[in-house]
Amino acid sequence: MEASKKTEQQLIIEEWNGSSSTKLFKTATITLSPSPQIHRSTNRFNHVWRRFLDAFVPEGFPGSVTPDYVPFQVWDSLQGLSTYIRTMLSTQALLSAIGVGEKSATIIGATFQWFLRDLTGMLGGILFTFYQGSNLDSNAKMWRLVADLMNDLGMLMDLLSPLFPSAFIFIVCLGSLSRSVTGVASGATRAALTQHFALQNNAADISAKEGSQETMATMIGMALGMLLAHITTENPLAIWFSFLSLTMFHMYANYKAVRCLALDSLNFERSSILLQRFIETGQVLSPKQVSTIEHVLPVWTTLRLSKSVKLLHMDVKLGLRVSSLDHFEMANLLNSAGSVYRKG
C-alpha cells in the first residue's frame with residue numbers, strides 16, 4: 001500500500017496601506033501554511049507612531065488631501081497656539097476689569113456686563129452674516145485672514161478694558177463685536193477650505209482631524225498661557241510686551257497660512273488675473289501661479305492697487321441681475337445687444 005502524499009500549498013496575504021499606487025507601502029505579510037504567521041514590515045515604534053498620527057491626519061494622508069494642506073495646517077496650528085496663549089492674558093484682564101476678587105463687585109453687576117457683552121456679539125454676528133454671508137465662499141482666503149485680525153482686535157479690547165473703567169462697557173462690547181465677525185467668518189471659510197482640501201470626498205474626515213489638531217493646540221496653548229500669566233502677574237509691562245509679541249507672530253503666521261493656499265475655484269479677482277494674463281501673453285496660469293499674484297488682504301488695505309494697475313474684476317460683475325440696472329445702463333445694454341444681432 002503506497003502512502004498517500006499531500007501537496008501543501010502556501011497561501012500568502014500581503015497587507016498594503018496608502019491612497020494611491022505611487023504612495024502604497026507594505027505593512028505586513030500573512031502566511032497561512034502550515035500555520036498562520038504574521039510578519040510586520042514596520043517596527044513597533046513606526047506602527048505606534050502611525051496609530052498616533054491617524055488621530056490627527058485624514059485617512060489616506062497625504063494622497064487624500066491637496067499639496068497645500070500640510071503647510072496651511074502647520075501655520076494654522078502655530079497661529080492657534082499663539083491665540084490660546086494670549087487668551088489667558090486677555091481673560092485675566094477682563095475678569096479683573098469686571099471686578100472678580102474685589103469686595104465692592106456685585107454678582108448682578110458682573111452678570112449684566114457679561115450679558116451685554118454677549119448680546120452685542122450675537123447681534124454683530126447676525127448683521128455680518130446678512131451683509132457678507134454670500135461673499136465668504138468666493139473670498140475665503142481674504143476673510144480667513146480678516147477673521148483672525150478681528151480676533152486680535154477683540155483681545156486687544158479685553159486687555160485695554162481695565163485701563164478705562166469709565167468706558168468699560170463700550171470697550172468690551174466692541175471686543176465682542178470683533179469676535180462675532182471672527183466666529184462667522186472663520187467657521188464659514190473653514191468649511192470652504194475643507195472642501196478644497198478634500199480629494200476623495202473626505203471633507204468630514206478632514207474636518208474631524210482638524211478638530212483634533214485644534215484641540216491639541218488649545219491644550220498646549222492654555223498650559224503655556226497659564227504659565228505666562230503666572231509669570232507676568234502684577235507686571236503690566238511684561239504683559240503688554242508678551243501680548244504684542246505674540247500678536248505680531250499671530251498675524252505673520254496667518255498671512256503665511258493663507259499664502260500657502262492654491263485654490264482652484266474662480267472668483268472675481270482670480271478670473272480677472274487669468275483673463276488679463278491670457279489677453280496679454282496667451283498663457284493660462286495654474287492655480288498655484290494665480291495664488292502668488294492675488295491679494296489676500298482687503299483691497300482697501302493694500303497699496304499695490306494703483307491707478308496704473310487695471311483689474312478686470314473691478315469693471316466686470318458676474319451674476320448681476322438685469323433688473324438692478326438703471327435706465328442709462330439698461331439703454332447701453334440694449335444698444336450693445338442690438339448691434340451684435342444686426343451684425344449677425
Side-chain angles (χ1 to χ4, degrees), residues 72-73 76 79-80 83-84 86-87 90-91 94 112-158 161 169-198 203-204 206-208 210-211 213-215 217-218 247 250-251 253-255 257-259 261 263-271 294-302 313-314 316-321 323-324:
F72 175 82
Q73 289 300 126
D76 188 57
Q79 67 86 16
T83 296
Y84 301 122
R86 290 178 302 140
T87 298
S90 61
T91 303
L94 181 61
F112 175 74
Q113 292 172 347
W114 205 269
F115 165 76
L116 195 60
R117 170 180 174 268
D118 289 346
L119 179 63
T120 305
M122 294 175 187
L123 294 176
I126 294 174
L127 289 175
F128 177 75
T129 303
F130 175 74
Y131 283 105
Q132 293 294 338
S134 59
N135 193 33
L136 297 175
D137 275 322
S138 58
N139 294 289
K141 295 170 69 171
M142 183 196 75
W143 285 113
R144 178 73 180 182
L145 189 59
V146 169
D148 286 295
L149 293 177
M150 296 300 289
N151 191 36
D152 291 339
L153 179 61
M155 289 187 178
L156 179 62
M157 293 298 103
D158 289 345
S161 59
I169 294 295
F170 174 76
I171 292 175
V172 296
C173 287
L174 184 60
S176 181
L177 196 63
S178 300
R179 273 189 294 271
S180 68
V181 175
T182 300
V184 175
S186 179
T189 54
R190 167 54 67 179
L193 295 180
T194 300
Q195 292 293 336
H196 162 70
F197 292 138
I206 292 176
S207 180
E210 194 273 336
Q213 297 170 22
E214 186 173 356
T215 301
T218 301
T247 299
H250 178 256
M251 294 170 64
N254 270 293
Y255 180 79
V258 296
R259 269 300 179 195
L261 294 171
L263 303 182
D264 52 7
S265 59
L266 292 177
N267 60 7
F268 291 149
E269 185 178 5
R270 287 192 283 273
S271 300
E294 69 173 323
H295 298 89
V296 294
L297 292 172
V299 174
W300 46 268
T301 64
T302 59
H313 76 279
M314 296 296 183
V316 178
K317 296 182 180 180
L318 302 177
L320 186 66
R321 295 180 180 179
S323 59
S324 64

Check ring-ring contact (aromatic ring centres under 6.0 Å, His included) between Tyr84 and all other residues, then give those that pass, not counting sequence neighbours.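 In terms of ring-ring contact (aromatic ring centres under 6.0 Å, His included), with neighbours along the sequence ignored, Tyr84 is linked to no residue.
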Which pairs, with at least one residue in residues 177-186 and sequence neighbours excluded, count as a side chain to side chain donor-acceptor pair (under 3.5 Å)?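 Counting only pairs at least two positions apart or across chains, the side chain to side chain donor-acceptor pair (under 3.5 Å) contacts touching residues 177-186 are Arg144-Ser186, Asp158-Arg179.
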Could you note down all residue pairs passing salt bridge (Lys or Arg N to Asp or Glu O under 4.0 Å) where residues 113-126 supplies at least one of them, sequence neighbours left out?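 For residues 113-126, and leaving out neighbouring residues, there are no salt bridge (Lys or Arg N to Asp or Glu O under 4.0 Å) pairs at all.
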Is the shortest side-chain heavy-atom distance between Ser265 and Arg270 below 4.5 Å?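 In contact.
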Pairwise side-chain contact, Leu153 with Leu174, heavy-atom cut-off 4.5 Å (strictly under):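 No, side chains not in contact.
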So, taking the atom named [atom1] in [X] and the one named [atom2] in [Y], what distance separates them when rounded to the nearest 0.5 Å?
X: Lys141; Y: Thr189; atom1: NZ; atom2: OG1; answer: 12.5 Å
X: Gln79; Y: Asn254; atom1: CD; atom2: CG; answer: 4.0 Å
X: His250; Y: Thr83; atom1: NE2; atom2: OG1; answer: 3.0 Å
X: Asn267; Y: Asp137; atom1: CG; atom2: CG; answer: 11.0 Å

Mind checking side-chain contact (heavy atoms from CB on, under 4.5 Å) for [X] and listing every partner two or more places apart, or none if nothing turns up?
X: Ala188; result: Leu136
X: Thr215; result: Met219
X: Gln195; result: Ala203
X: Ile126; result: none

Exercise: identify the closest heavy-atom pair between [X] and [Y]:
X: Ser90; Y: Met155; value: CB-O, 3.8 Å
X: Leu261; Y: Phe197; value: CD2-CZ, 3.7 Å
X: Cys173; Y: Thr120; value: SG-OG1, 3.4 Å
X: Arg86; Y: Thr247; value: NH1-OG1, 3.1 Å

Return the set of residues passing salt bridge (Lys or Arg N to Asp or Glu O under 4.0 Å) with Arg190 (not counting sequence neighbours), or none when no residue passes.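 Partners of Arg190 under the salt bridge (Lys or Arg N to Asp or Glu O under 4.0 Å) test: Asp76, Glu210.
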So, Glu269 side chain and His295 main chain: donor-acceptor pair closer than 3.5 Å or not?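 Yes, Glu269 side chain to His295 backbone: donor-acceptor pair under 3.5 Å.
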Hey, could you give me each pair passing ring pair (Phe, Tyr, Trp, His ring centres under 6.0 Å) that has a residue in residues 130-156? Not counting sequence neighbours.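 Ring pair (Phe, Tyr, Trp, His ring centres under 6.0 Å) check on residues 130-156 returns Phe128-Trp143.
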My understanding is that only residues two or more places apart in sequence, or in another chain, count here; which of them pass side chain to side chain donor-acceptor pair (under 3.5 Å) with Asn135?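 In terms of side chain to side chain donor-acceptor pair (under 3.5 Å), with neighbours along the sequence ignored, Asn135 is linked to Gln132, Ser138, Asn139.
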